[in-house]
Amino acid sequence: MTHARPETGTGSAALRRLVVVGHGMVGHRLVEALDSRDADRQWQITVLAEEPRPAYDRVALSSCFDSADESALRLPEHDPGRVGLRLGDPACALDRAGRTVLTASGDRVPYDALVLATGSRPFVPPLPGATAPGCLVYRTLDDIAAIRAAADRSTTGRGVVVGGGLLGLEAANALRLLGLTTHVVEMAPHLMAVQLDEGGGALLGRMVGELGVTVHTGTGTQQVLTDPETGAASGVELTDGTFLETDLVVFAAGVRPRDELARDAGLEVGERGGVVVDETCRSVTDPRVWAVGEVACIEGRTLGLVAPGYAMAETVADRLLGGEAGFPGADTATQLKLLGVGVASFGDAHATTPGALEVVLNDPVAATYGKLVVSDDAKTLLGGILVGDTSGYPLLRPLVGSALPADPATLLAPESAGGAGAGGGVAGLPDSAQICSCHAVTKGALTEAVTEQGCADVPALKSCTKAGTGCGSCVPALKHILEAAGVEQSKALCEHFDHSRAELFEIVAATGITTFSQLVAEHGRGRGCDVCKPAVAAILASRDSATHILDGERGSLQDTNDRHLANMQRNGTYSVVPRVPGGEITPARLIVLGEVARDFGLYTKITGGQRIDLLGARLEQLPAIWRRLTDAGFESGHAYGKAVRTVKSCVGSTWCRYGVQDSVGLAIELELRYRGLRAPHKLKAGVSGCARECAEARSKDFGIIATEQGWNLYVGGNGGFTPRHAELLACDLDHDTLVRTIDRFLMFYVRTADRLQRTAAWLEALEGGLDHLRAVVMDDSLGICAELDAAMERHVADYRDEWRGVLEDPAKLARFTSFVNAPDTPDPAISFAVEREQPVPVPGPVSLGMPQLPAADGAGAR
């Protein structure tokens with residue numbers, strides 16, 4: 001049989017066979033690109049994967065040490081009808097003459113075209129002791145599991161990372177999150193020497209050090225010392241004579257291409273490794289073999305970033321289908337957060353271009369460093385570095401090679417001063433400027449999607465062009481492109497109000513309006529709807545917590561859960577969730593909960609928020625249940641409301657040998673302070689007594705982690721459909737400053753967020769982001785801190801338990817009946833079965849015709 005050459009692409013009657021060796025991010029991208037374009041189904045694709053799991057996002061590996069699990073990192077699955085994915089069956093040898101690949105299982109897989117996407121392996125320097133138990137690398141999910149297990153076994157409580165580049169700092173963050181005292185050893189004079197210059201690296205080192213990681217720069221690793229009895233690592237000796245006691249060493253000192261298959265098959269490799277390929281990513285030795293990603297040596301070098309790998313994958317996919325694509329060149333721009341510190345590097349960051357000029361703005365007080373590299377006539381941007389504040393990156397990176405739209409110093413100025421962070425310069429970019437480097441989407445393509453294809457918002461642009469679906473750093477630029485195209489983004493709350501929720505909040509605050517009727521009459525139209533009524537009710541409640549949520553007109557504005565002060569479950573019953581501040585509960589109160597559950601036949605479950613769910617209460621039972629609970633000292637846990645739910649805590653310094661502060665005491669104080677605070681969305685918090693983070697504080701809307709000097713405050717985290725880690729707002733705060741800062745953060749969020757907008761989405765959409773928030777709540781940049789402080793003090797002073805208020809008011813108690821004409825008659829549609837000795841609902845329709853609630857506010861949202 002005669003095989004058509006892979007590059008001819010069209011006109012072949014036979015289905016051709018493509019074998020992809022490797023299923024990392026770049027290999028996955030190649031298969032995805034080819035499959036989506038191969039409309040004529042010319043190629044049959046087989047993928048040989050070394051790992052026993054499908055492709056996942058290696059860039060986000062460190063998230064596994066927070067709240068993410070393996071499934072959250074998974075890349076989209078391939079169509080099994082089109083792609084044969086063989087997990088755990090790597091290629092062992094290539095037979096180029098016979099055009100087959102031998103796999104570990106002994107199979108020979110034939111090919112018409114072969115793509116090597118084997119990536120690279122971590123480089124472990126040949127040091128004495130470097131292979132001892134306790135010496136690990138940071139590359140795969142298996143490596144992550146090994147590091148976690150080693151940290152759990154650690155007796156020294158200390159970890160050492162060899163390497164201060166991207167991977168090294170990611171590994172350091174991982175060890176820190178695991179509760180280890182962490183050291184980073186870097187031979188270069190400063191961290192991230194490949195991406196940053198001395199000034200940027202120095203600031204990064206200082207900021208990393210302030211987070212508790214000890215940085216050793218300008219020194220190397222002499223040897224890993226081992227225990228004479230066990231042979232395991234016991235310490236690290238540095239070339240400057242420093243000794244670090246540790247039983248966990250992570251090598252993150254660079255990578256080497258995995259080109260063994262190519263070498264053994266006689267393919268040409270580069271001087272420093274990697275399969276030598278031409279501008280089409282085809283091997284210069286064999287026209288049927290291609291290489292992409294870190295294993296490819298292109299233009300004389302290998303590239304260790306995912307964006308160039310994606311560009312190679314797109315190039316090969318096009319060539320396999322008969323296209324004329326060539327590798328567009330390596331975009332080595334990088335934007336990321338390392339231990340919470342923003343870092344960006346793009347273009348000729350080190351000013352290697354002859355005659356290049358450097359414009360530097362270094363502000364050690366604000367902890368920001370910015371450098372722009374420009375041509376000798378100061379008219380063309382060549383590259384740059386940003387540390388601390390990277391808000392200007394979406395504008396500056398696409399400008400590389402283009403004329404500067406303003407004075408370089410102006411572009412480096414903070415957003416508040418009209419600098420690049422304001423984003424207004426996106427409109428001035430040429431159409432050829434690449435906005436999304438992950439998917440190589442230009443400004444012109446995005447503008448066309450808006451003007452020609454009708455994309456009217458960011459989600460539509462993402463769906464149409466894939467821009468913003470990679471690392472996400474270009475999303476702010478997408479918004480500016482929409483604005484530049486004249487697409488007005490409506491902020492109206494609903495059809496009854498032209499104002500946003502934040503604008504309605506300001507109207508209520510300025511006018512003193514206390515009812516929905518007055519607000520809609522004076523500033524809206526109609527009678528309202530299920531969107532605006534609960535939103536306005538929450539605004540009114542946050543402004544006036546002394547008035548009961550069910551008093552007068554307010555009671556009719558609430559949604560189902562708030563109307564009955566309980567979450568409705570799938571079978572029409574309700575949940576009872578008393579507040580257990582900080583998770584601390586006395587034996588007497590614990591017994592009361594057990595007795596109530598027993599006497600009313602309720603299902604009981606301990607929630608992730610450190611309290612106890614009692615499920616299955618009928619509507620008419622709720623007052624009797626809550627009377628017993630309030631008599632025992634319990635109050636509403638607000639599991640039903642858009643309000644502060646829980647402040648989770650670990651046992652802290654009272655009990656834990658690692659604890660450095662009283663996390664339980666602080667969690668109780670905060671939960672009692674903020675209980676009942678109505679907000680645009682539910683709020684959850686956590687307090688961890690040390691860096692081991694057992695309370696998972698960084699997955700909360702606000703989280704506090706104890707330090708030796710005080711408390712670190714993180715904000716804007718959440719779980720749910722789109723998990724996000726909280727960002728570090730301030731370090732080493734004393735108690736009073738911490739509480740005052742949280743007060744202001746919460747009140748600023750309540751005042752400015754949109755309806756049903758979690759703090760994570762609010763912070764992401766906030767102009768200026770975290771830096772602006774910090775300026776508002778800590779530096780009083782808007783001059784509103786006194787108002788925010790007063791608002792919180794009013795809430796604390798006026799708080800009253802909602803369920804106690806119901807029990808003291810016969811009119812409110814009348815709401816809790818299933819049938820008006822037979823108030824004590826149970827709903828016959830509600831029935832239960834028994835599983836694991838507990839009552840569970842029998843599947844069926846929700847009683848009383850009431851709608852089921854979305855999962856985000858149902859039984860799982862505690």
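All of these numbers come straight from a predicted model, not from anything done at the bench. The first residue of the sequence shown is numbered 1, and numbering continues consecutively from there.
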Just by distance, do the side chain of [X] and the backbone of [Y] share a donor-acceptor pair under 3.5 Å?
| X | Y | value |
| --- | --- | --- |
| H23 | A55 | yes |
| D318 | E324 | yes |
| T380 | S375 | no |
| T465 | K462 | no |
| R698 | A726 | yes |
| D348 | T353 | yes |
| S283 | V289 | no |
| E186 | A188 | yes |
| D376 | A356 | no |
| T390 | L386 | no |

Side-chain contact test, heavy atoms from C-beta onward, threshold under 4.5 Å: evaluate it for [X] versus [Y] and give yes or no.
| X | Y | value |
| --- | --- | --- |
| L303 | M312 | yes |
| L446 | L461 | yes |
| P364 | L203 | no |
| Y138 | L175 | no |
| T242 | T219 | no |
| V255 | F123 | no |
| M25 | Y310 | yes |
| L169 | L204 | yes |

Closest approach of [X] to [Y] (non-hydrogen atoms, all atoms of both residues):
| X | Y | value |
| --- | --- | --- |
| L729 | V777 | CD2-CG2, 4.2 Å |
| C731 | N712 | CA-OD1, 3.1 Å |
| C464 | A449 | SG-CB, 4.0 Å |
| T315 | A325 | CG2-O, 3.8 Å |
| C281 | V316 | CB-CG2, 3.6 Å |
| A117 | V292 | CB-CG2, 3.8 Å |

>> Could you tell me if D143 and T140 have a donor-acceptor pair between their side chains, going purely by distance under 3.5 Å?
In response: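 Present: a donor and an acceptor within the cut-off.
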
> So, R774 and S781: side-chain donor and acceptor under 3.5 Å apart, yes or no?
Replying inline: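 No - no donor-acceptor pair under 3.5 Å links their side chains.
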
> After noting the C-alpha distance and the side-chain angles of R256 and T302, does the key distance pass the side-chain hydrogen bond (donor to acceptor under 3.5 Å, both in side chains) rule?
Replying inline: CA-CA 9 Å; R256 298 293 185 269; T302 55; over 6 Å; no

State the [atom1]-[atom2] distance between [X] and [Y], to the nearest 0.5 angstrom.
| X | Y | atom1 | atom2 | value |
| --- | --- | --- | --- | --- |
| L166 | L305 | CG | CG | 7.0 Å |
| L412 | D389 | CG | CG | 10.0 Å |
| L728 | L713 | CG | CG | 8.0 Å |
| D259 | L267 | CG | CG | 10.0 Å |
| E279 | I298 | CD | CD1 | 8.0 Å |
| H350 | L196 | NE2 | CG | 7.0 Å |

> So E260 and R263, side chain to side chain contact (heavy atoms under 4.5 Å, CB included) or not? Walk me through it.
Replying inline: CA-CA 5 Å; E260 297 85 358; R263 290 177 183 272; 5.6 Å; no

>> Which label fits F346 and Y393: parallel for a plane angle under 30°, tilted from 30 to 60°, or perpendicular past 60°?
In response: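 F346 vs Y393 ring planes: perpendicular.
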
> Would you say E198 has more than 12 foreign heavy atoms packed within less than 6.0 Å of its CD?
Replying inline: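 No, because the 6.0 Å sphere around CD of E198 holds 12 heavy atoms or fewer from other groups.
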
> Could you walk me through whether W290 and V277 pass the side chain to side chain contact (heavy atoms under 4.5 Å, CB included) check?
Replying inline: CA-CA 7 Å; W290 315 70; V277 297; over 6 Å; no

> Which is it for L763 and R724 under the side chain to side chain contact (heavy atoms under 4.5 Å, CB included) test, yes or no, and what are the steps along the way?
Replying inline: CA-CA 11 Å; L763 184 57; R724 173 177 169 141; 4.1 Å; yes

> Quick one: do E294 and R58 make a salt bridge, cutoff under 4.0 Å?
Replying inline: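 Result for this pair is no, no salt bridge flagged.
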
>> Please evaluate residues W762 and V715 with respect to the criterion side chain to side chain contact (heavy atoms under 4.5 Å, CB included), reporting the C-alpha separation (whole Å), side-chain torsions for both, the decisive distance (0.1 Å), and the verdict.
In response: CA-CA 11 Å; W762 168 72; V715 296; over 6 Å; no

